[in-house]
Structure formats: structure tokens, C-alpha cells
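In listed order, ligands and their atoms are each counted from 1. The first residue of the sequence shown is numbered 1, and numbering continues consecutively from there.
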Amino acid sequence: MLVKGPASPLLCNKLANKTDVETVEVKTKVFPDGERYVKIEGDIEGKNCTVVQTTYPSQHLLELFMIQNALRENGASSIRVVVPYYSYGRQDKVFEKGEAVSAKAFAKRIELEADEFYSIDLHSEKIVDFFDIPAKNLSAMTRLAEHSIEEKEPDILIAPDEGAKDIVKKAAVSVGLDWDYLEKTRIDANTVEIKPKSIDVQGKSVVILDDIISTGGTMTEAARQLKESGAQKVHAGCTHGLFAGDAKEKLGSVCDSVFCTDTIEQKKSEVSVAPLLTELID
Ligand code: R5P
């Protein structure tokens, strides 16, 4: 049974249309004091349930915990949790003494009432090791690369930093495109520096791909460098489009287009991750 998480309604509908699986809605409401409520609108007793729920913004994380609890309390046989965008993944270690490892804290809560966990383009592969239940990280990068070929006609795919190098390389190789990466230093949450690098982009169409666009600082700086190096077109694509604050305006000032998947549903969701998930659910 597919349990339609309230944070991922369009993705859940796509999955429901592409598979033969039975679906169940989740009712949510917010009390006057801001506390939240969830109710599974169907009989899931004895059923193998898959809940698809992205966890951004944070209230959707709370809803996920409550949905899992409702499934357990109401007798689901098994619970598979699919989190298209796993928020808090970037805090995956103690960077400074005293900090919480948020990515681990939420993994520990999720596994309490789950039998299996799946996500897409987790910020780091090591997050799967925080789970003591079977956990798997899928990738939307090849789908983003395929979409780039269809819509943006790129000569090259570029990762904006070393962190994205491996996933972009893998996607580029699988679609037969050239690839390269830039070198980024993060100064603070809003500021990054990207070293000029001698990649031949003169007159070329470039697609930069990353797991996340948050403030847009990384992509804007990467696109600026590439345009200064002579790139004719620079498109920016990512799996998870958070677009915090004025990210869209910043990106729009230098990028020829910006696109993302539907792990976080929005207008710029040009690529669906549904094909990655249908096999799981069917
Ligand atoms: C960081 O390592 C991630 O892969 C992204 O590059 C980063 O989260 C993007 O953040 P922002 O858009 O704020 O530069």
C-alpha cells in the first residue's frame, strides 16, 4: 500500500498512476496552538506500507514521525519509509565540539518505527550507515543529465565542488557527456569562493549539477566563473531545490535556466524522481 505523504502529493499521485498499488491518503491538520495532527484515511492493518514523504520544511519531518507511528499503532505489517529529500543531511558530523549530528539524530528516530529506509541523493553516502535497518540511497543525477541533454543541449556537465564530483562524473559517463569539477571553499552559510580553473568552456553550453541548491551561492559563483571563462550558456540543475531567501533572483542574474527534481515539489521541478521509485513500490 502506498501511503501518500502530505509533503509529496504530486509525486505520490505519479507513483499511484504508474503502479498497481493500493493508495491511502493522510489527513493532516494544525491545531490553533500550531501543533500538528495526522490520520491515515484507510485500513492498513496487515498491509505492507510504503510512505513517501519529503522532510522539508521541518514540519514535514514531524508529520513523517507521526505517520510512522500511526502505521505501527494501526497494525501495518511492514513500514518502508521513502524520504525523497532527507533534510538536515548536511550536518552529518560534529564540525565543532558541542554540535548535534542532526542527520544521525533523525535517522535514529525514523528507524524506531520503520523496517526499511530509502532516500535520493543523500548529502553524503555515510548517512545510510546511521540506520540500523536496511537503508539505501538512490540517485537522480542520471535523470538530471538525461533531461539536460533533451532540453539544454550541453557540451559538458560540471560539478560545482569536489563533493558533487563523483555523482556528476557517474551521470556524465552514463549519458556519454564530458564532465569536470570546480574547487569550492565555503566561507560561511551564505558565502563561497570558487577558484578559477582552466576548464575549456569557451563558446560552450554548460550544465552545472549539484545535489542541493540552498542559498544559490554555490551555483551563482560557479556560473559566474564559467561565464567569465567564456561559456556561452550556463544552466544550473540540482536534485533538491531548496531556494532559500533570494536564491532564485541570484541564480537568475547569471544562469540561463535553473531546474530541479520533484523531491521538493515546485514550479522548477522539471524532472520527476517517480521512475526511480516505481520499482520499489510495485
Ligand atoms: C554542499 O556541499 C552541497 O552539495 C551544495 O553545494 C550546497 O548545499 C549548496 O548550498 P548553497 O546553495 O547555499 O550554496
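Ligand 1 is approached by R186 to a heavy-atom distance shorter than 4.0 Å. A heavy-atom separation below 4.0 Å is found between R90 and ligand 1. The closest approach between a heavy atom of D210 and any atom of ligand 1 is below 4.0 Å.
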For this session: Take D211 and H123, measure what side chain to side chain donor-acceptor pair (under 3.5 Å) needs, and give me the verdict at the end.
Result: CA-CA 7 Å; D211 59 340; H123 182 61; 2.9 Å; yes
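In this structure, K165 satisfies the cation-pi test against Y181, with its NZ or CZ atom closer than 6.0 Å to the six-membered ring centre and inside 45 degrees of the ring normal.
In this structure, F259 has its ring center closer than 6.0 angstrom to the ring center of H147. Centroid-to-centroid, the aromatic rings of F117 and Y86 come within less than 6.0 Å.
Residue D161 has at least one heavy-atom neighbour below 4.0 Å for each of these atoms of ligand 1: 2 (O), 6 (O). Atoms of ligand 1 lying under 4.0 Å from at least one heavy atom of I213, given by number and element, are 12 (O). Counting atoms of ligand 1 from 1 in the listed order, those under 4.0 Å from a heavy atom of T218 are 6 (O), 9 (C), 10 (O), 11 (P), 14 (O). Residue G216 has at least one heavy-atom neighbour below 4.0 Å for each of these atoms of ligand 1: 11 (P), 12 (O), 13 (O).
Only the side chain of K184 comes within 4.0 Å of ligand 1, judged by heavy-atom distances. Contacts between L242 and ligand 1, counted as non-hydrogen atom pairs separated by less than 4.0 Å, are absent for every part of the residue.
Tested against F106 for a ring-ring contact (aromatic ring centres under 6.0 Å, His included), the candidates Y88, F131, Y56 yield a single pass: Y88. When S119, S8, S87 are each tested for a side-chain contact (heavy atoms from CB on, under 4.5 Å) with T55, only one passes: S87.
Residues D155 and S205 bring no donor and acceptor atom of their side chains to less than 3.5 Å of each other. For the residue pair E45 / N74, no side-chain donor-acceptor distance below 3.5 Å is found, with atom types taken as modelled.
At the shortest separation from atom 13 (O) of ligand 1 among protein heavy atoms lies T215 OG1, 2.6 Å. For atom 2 (O) of ligand 1, the closest non-hydrogen atom of the protein is H123 CE1, 3.2 Å. Nearest non-hydrogen protein atom to atom 9 (C) of ligand 1 is I212 O, 3.5 Å.
Heavy-atom neighbours of E153 CD from other residues, nucleotides or ligands within 6.0 Å: at or below the threshold of 12.
Nearest-residue assignment for atom 3 (C) of ligand 1 (options I167, D211, N190; heavy-atom criterion): D211. The heavy atom nearest to atom 12 (O) of ligand 1, out of those in G89, P160, S214, is found in S214.
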